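Since the structure comes first, as structure tokens, the remarks are kept for the end.
As the structure is a computational prediction, the values presented were derived from the model and not from experiment. The chains referred to below are lettered A, B, ... by the order of the sequence lines, with proteins before strands, and numbering in each begins at 1.
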Amino acid sequence: MNERMVARSFYARDPLLVAPELLNKVLLTPRGAGRIVEVEAYDGPNDPGSHAFRGPTPRTRVMFGPPGHLYVYFTYGMHWCANIVCRTEGEPGAVLIRALAPLRGLEAMRAARTAARRDRDLCNGPAKLCQALGIAGTDDGTDIAGPHSPMRVVDDGVRPPAEPMNGERIGLSRGIELPWRWYVAGDPNVSRTNVPRR
DNA sequence: ACCGGGATGTTCT
DNA sequence: GAACATCCCGGTG
């Protein structure tokens with residue numbers, strides 16, 4: 001199947017526009033690949049739920065850089081989560097990848113995620129997919145939009161859903177009222193469906 | 001199925 | 001010292 005790489009200009013926009021358009025695109029890594037089925041937008045200085053809300057810190061500096069790079073952060077003392085940086089240098093914004101439908105590298109994913117009892121548990125959460133694909137702190141700042149990036153997003157012809165599911169983001173204490181989570185209706189790899197929609 | 005609590009350590013107040 | 005863009009396990013129904 002024809003795979004077209006998502007260009008940097010795609011990411012150089014408002015994360016609220018980028019997020020739903022990432023649905024059904026494919027995240028490619030050296031370890032495996034998966035179709036993006038759930039995302040959340042984080043709107044930088046306008047968003048109390050964003051790590052960038054209070055300005056840059058050593059941890060969040062990548063989010064203030066150019067678009068098309070990975071912002072990978074460590075949380076709860078054991079988990080990594082991965083975002084794609086949006087907008088442009090000095091104007092932070094990001095899209096958190098929350099779930100993938102595994103496509104390739106299933107054996108490696110199973111080996112990396114011994115707690116997963118079924119394949120749908122391999123990548124159905126932001127930290128799970130990082131564990132499955134081996135994404136960690138060393139990947140913070142990785143360019144995923146360069147001509148030879150080993151990690152990148154491709155469009156394989158499956159279009160984003162015309163009417164994605166949409167609702168409040170998960171796990172936040174601030175900015176929870178903003179409906180900036182999108183996911184593919186009916187996909188079994190979505191982390192949670194039992195939450196408000198609109 | 002649903003719910004509650006513990007794990008585990010970096011980041012920022 | 002508290003918060004944390006989470007996950008896993010063991011309880012109950």
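Residues from residues 46-54 of chain A placing a heavy atom under 4.0 Å of any atom in DNA chain C, listed by number, are A/G49, A/H51. If you check residues 107-129 of chain A against DNA chain C, the residues with a heavy atom closer than 4.0 Å are A/R113, A/A115, A/G125, A/P126, A/A127, A/K128, listed by number.
Atoms CD1 (A/I97) and P (C/dT6) sit 14 Å apart, rounded to a whole Å. At whole-Å resolution of the value, CD1 in A/I176 and C1' in C/dA3 are 16 Å apart. A/R174 places its CZ atom 11 Å from the C1' atom of B/dC12, with the value rounded to the nearest Å. Rounded to whole Å, atom C1' of B/dT10 lies 7 Å from atom CZ of A/F74. In this structure, OH of A/Y73 is placed 18 Å from P of C/dA3, rounded to the nearest angstrom. Remark: C1' of B/dT8 and CH2 of A/W80 are 13 Å apart, rounded to the nearest angstrom. Between the CZ atom of A/R169 and the P atom of C/dT6 there is a distance of 11 Å, rounded to whole Å. Rounded to a whole Å, the CE atom of A/M78 is 8 Å from the C1' atom of C/dT6.
At B/dT11, none of the side-chain N or O atoms of A/T57 fall inside 4.0 Å of OP1 or OP2 (strictly under the cut-off). Of the side-chain N and O atoms in A/T75, none sit less than 4.0 angstrom from OP1 or OP2 of B/dG9.
Considering only heavy atoms from C-beta on, A/S191 comes within 4.5 Å of A/R181 through its side chain. Within the 4.5 Å cutoff, the side chain of A/E91 has no heavy atoms near those of the A/C86 side chain. A/V39 has its side chain within reach of A/L23: a pair of non-hydrogen atoms, C-beta onward, lies under 4.5 Å apart.
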Show the atom names and distances, to 0.1 Å, of all donor-acceptor pairs under 3.5 Å that link a side chain in residues 103-111 of chain A to residues at least two apart or in another chain.
residue, atom, partner, partner atom, Å
A/E107, OE2, A/R110, NH1, 2.5
A/R110, NE, A/D119, OD1, 2.9
A/R110, NH2, A/D119, OD2, 2.9

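With a cut-off of 3.5 Å on both pairing distances, B/dT8 has no Watson-Crick or G-U wobble partner at all. Pairing for C/dA5 is absent, judged as Watson-Crick or G-U wobble with the two contacts each under 3.5 Å.
Under the 4.5 Å side-chain heavy-atom criterion for ILVMFWY residues, no single connected hydrophobic cluster contains both A/V18 and A/V85.
Counting only distance, with no hydrogens or angles, the side chain of A/N83 and the backbone of A/Y71 share a donor-acceptor pair below 3.5 Å.
Scanning all heavy atoms of the two residues, the minimum distance from A/T75 to A/C81 falls at CG2-SG, 4.5 Å.
Taking every side-chain heavy atom of A/Y76 into account, C/dC4 is the closest of C/dA5, B/dC12, C/dC4.
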Evaluation steps, side-chain contact (heavy atoms from CB on, under 4.5 Å), between A/L129 and A/E38: CA-CA 11 Å; A/L129 69 92; A/E38 180 182 354; over 6 Å; no
Steps toward salt bridge (charged side-chain N to carboxylate O under 4.0 Å, His left out) verdict (A/R87, A/D43): CA-CA 10 Å; A/R87 287 218 187 82; A/D43 194 17; 2.5 Å; yes
